[in-house]
There are 2 protein chains.
Amino acid sequence: MATDTLPTRGHAAKRLSILDAGARAFCREGYAGANIDMIAAEAGVSRQTVYNHYGDKDKLFAAVVTEITQRCNARSFEVLASFPDQPTDLEKELTCFAERLIVNCLCDQDGKFLRKLIQREGERHPHLFASWRNDGPGKVWSALAARFARLAYAGYLDMENPDVAARQFLALVNAELQMPALFGEKLENDRLQETAACAVKTFLRAYRKREMHTKEPAHLESALRG
Amino acid sequence: MATDTLPTRGHAAKRLSILDAGARAFCREGYAGANIDMIAAEAGVSRQTVYNHYGDKDKLFAAVVTEITQRCNARSFEVLASFPDQPTDLEKELTCFAERLIVNCLCDQDGKFLRKLIQREGERHPHLFASWRNDGPGKVWSALAARFARLAYAGYLDMENPDVAARQFLALVNAELQMPALFGEKLENDRLQETAACAVKTFLRAYRKREMHTKEPAHLESALRG
DNA sequence: ATATTTTTGGACAGTCTTGTCTAATATGTC
DNA sequence: GACATATTAGACAAGACTGTCCAAAAATAT
């Protein structure tokens with residue numbers, strides 16, 4: 001789990017290793033089901049070391065949540081920064097954006113971990129997830145809504161409520177991912193691309209501005225609508 | 001939990017009471033976190049009675065899952081039977097259908113219980129959820145897809161892949177429900193209706209047939225699309 | 001009213017888990 | 001090499017939970 005830039009031996013490395021093992025165990029078994037011996041074994045560390053680093057199970061859990069949350073948020077906003085603000089081919093670029101979203105936020109290790117943790121323990125430890133809610137997806141949603149609003153203003157999209165559109169965009173992107181995510185199946189690359197393409201296609205069918213870019217055939221439009 | 005038609009005293013009543021208490025406890029605490037004493041107390045029954053009825057914790061869990069699954073499936077197909085096959089006002093009727101879906105399948109006790117159980121223990125007890133997958137949402141999806149295909153054939157909708165459309169429909173309906181569901185918030189009635197309306201509106205913007213009902217202005221269509 | 005079934009409360013052994021403690025070992029620093 | 005710090009394995013007490021057993025009490029049926 002520890003990437004190349006992170007310490008691979010020594011004190012800090014063990015700390016990280018424990019954190020990652022804790023994340024895996026808590027996700028797989030739930031808070032009650034995961035035990036310290038398991039986590040220590042999975043981290044390749046003695047039980048005492050876990051206690052040395054994190055004090056007790058509750059503190060370890062809290063550390064896991066905040067750490068993974070931070071990683072996820074960082075990734076989310078990184079991906080968000082690549083939103084196509086001045087697209088030349090809107091569908092294509094939005095599809096690529098959706099793919100990045102899926103790969104980096106929805107399907108990556110930390111993302112899956114965090115969603116499972118939230119699903120499993122969200123009700124039980126509401127305070128821990130306040131930051132997730134306020135600084136994580138909540139912010140991603142509104143940031144995404146702002147991007148869509150800009151695209152609408154620039155004449156690419158036609159929507160009344162960018163907030164709703166943003167939530168729907170994410171829902172569509174997630175649509176085909178629900179089942180696999182629930183059962184821990186892995187997603188092949190081409191299925192992923194198809195998912196993104198489907199979602200964006202439907203999103204644009206609903207929200208793409210329907211007037212011509214060149215000329216407004218208003219009479220044809222009204223004839224078709226009437 | 002036991003409705004009026006079900007026994008409210010005697011042997012069978014206790015059995016049901018235990019089942020419901022088990023469902024609540026397993027959802028709230030997870031399999032490992034829920035303990036028999038808790039369930040017995042919540043069911044208003046002694047611990048021994050739980051063992052008399054269900055043998056052990058594993059069997060109780062299995063019974064909870066299959067029972068709740070059956071209840072949910074029954075409801076799902078009941079709602080599905082009310083799908084507007086010959087709509088006079090498609091948007092209105094589809095919105096009502098979506099509301100029924102939300103109320104009876106997504107937001108009702110059993111539905112919430114089951115989704116939580118799946119999220120919490122799906123990976124851990126894959127065999128238990130096979131039926132959920134095969135007889136539950138899986139069947140609902142394909143049945144819904146068949147309804148959409150019929151609407152498309154009847155000229156109300158315009159879609160290439162009814163399966164994808166069905167999944168997207170459910171995803172859109174769910175879009176605004178994710179957060180509240182995750183944190184156990186309850187949904188006000190007007191927010192629910194707005195959610196359904198939003199989802200259906202977007203769905204129809206994407207998939208409503210754009211040709212006239214009376215005559216096919218094929219040349220105009222191609223001119224507009226080209 | 002009596003017989004049968006069900007439920008109850010409590011005791012119980014066995015197991016698992018947490019968190020502490022200790023003495024020995026490893027790791028890294030000066 | 002000597003020293004400080006981090007880590008290890010293992011023992012340990014305290015508590016929680018499961019699943020069993022049993023005799024008394026309650027509910028139900030005959």
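Quantities reported herein were computed from a predicted structural model and do not represent experimental measurements. A, B, ... follow the sequence lines: proteins, then strands. Residue 1 opens every chain.
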Exercise. Does NZ or CZ of B:R15 come closer than 6.0 Å to the centre of the six-membered ring of B:Y54, within 45° of the ring's axis?
Worked result: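 Cation-pi check for B:R15 and B:Y54: passes.
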
For this session: Give B:A34 one of three labels, base, sugar-phosphate or nothing, depending on what nucleic acid heavy atoms sit under 4.0 Å from its own.
Result: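 B:A34: backbone/sugar contact only, no base atoms under 4.0 Å.
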
Backbone of [Y] reached by a side-chain donor or acceptor of [X] within 3.5 Å:
X	Y	answer
B:T95	B:A197	no
B:K57	B:A34	yes
A:T202	A:A199	no

Problem set entry | Distance below 4.0 Å between B:K14 side-chain N/O and C:dT8 OP1 or OP2 |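 Yes, such a contact exists.
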
Exercise. Which residues, if any, of residues 47-61 of chain A bring a heavy atom under 4.0 Å of DNA chain C?
Worked result: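 Heavy-atom contacts with DNA chain C come from A:R47, A:Q48, A:Y51, A:D56, A:K57.
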
Problem set entry | Residue from B:N73, B:V79, B:V140 passing side chain to side chain contact (heavy atoms under 4.5 Å, CB included) with B:C105 |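 Testing each of B:N73, B:V79, B:V140 against B:C105, the sole residue satisfying side chain to side chain contact (heavy atoms under 4.5 Å, CB included) is B:V79.
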
Problem set entry | Start and end of the DNA chain D segment that chain B contacts, any atom under 4.0 Å from a heavy atom |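 Going 5' to 3' along DNA chain D, contacts run D:dC17 to D:dT28.
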
Problem set entry | Close side-chain approach of A:L117 and A:V64, heavy atoms under 4.5 Å |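 Of all side-chain heavy-atom pairs linking A:V64 with A:L117, at least one is under 4.5 Å.
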
Exercise. Does any non-hydrogen side-chain atom of A:M159 lie less than 4.5 Å from one of A:F148?
Worked result: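 Counting from C-beta outward, A:F148 and A:M159 do come under 4.5 Å.
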
Problem set entry | Nearest-nucleotide 5' precedence on DNA chain D, B:D37 against B:H11 |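 On the 5' side of the pair lies B:D37.
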
Problem set entry | Residues B:R147, B:E93: salt bridge by 4.0 Å N-O rule |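 Looking at B:R147 and B:E93, the cut-off is not met.
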
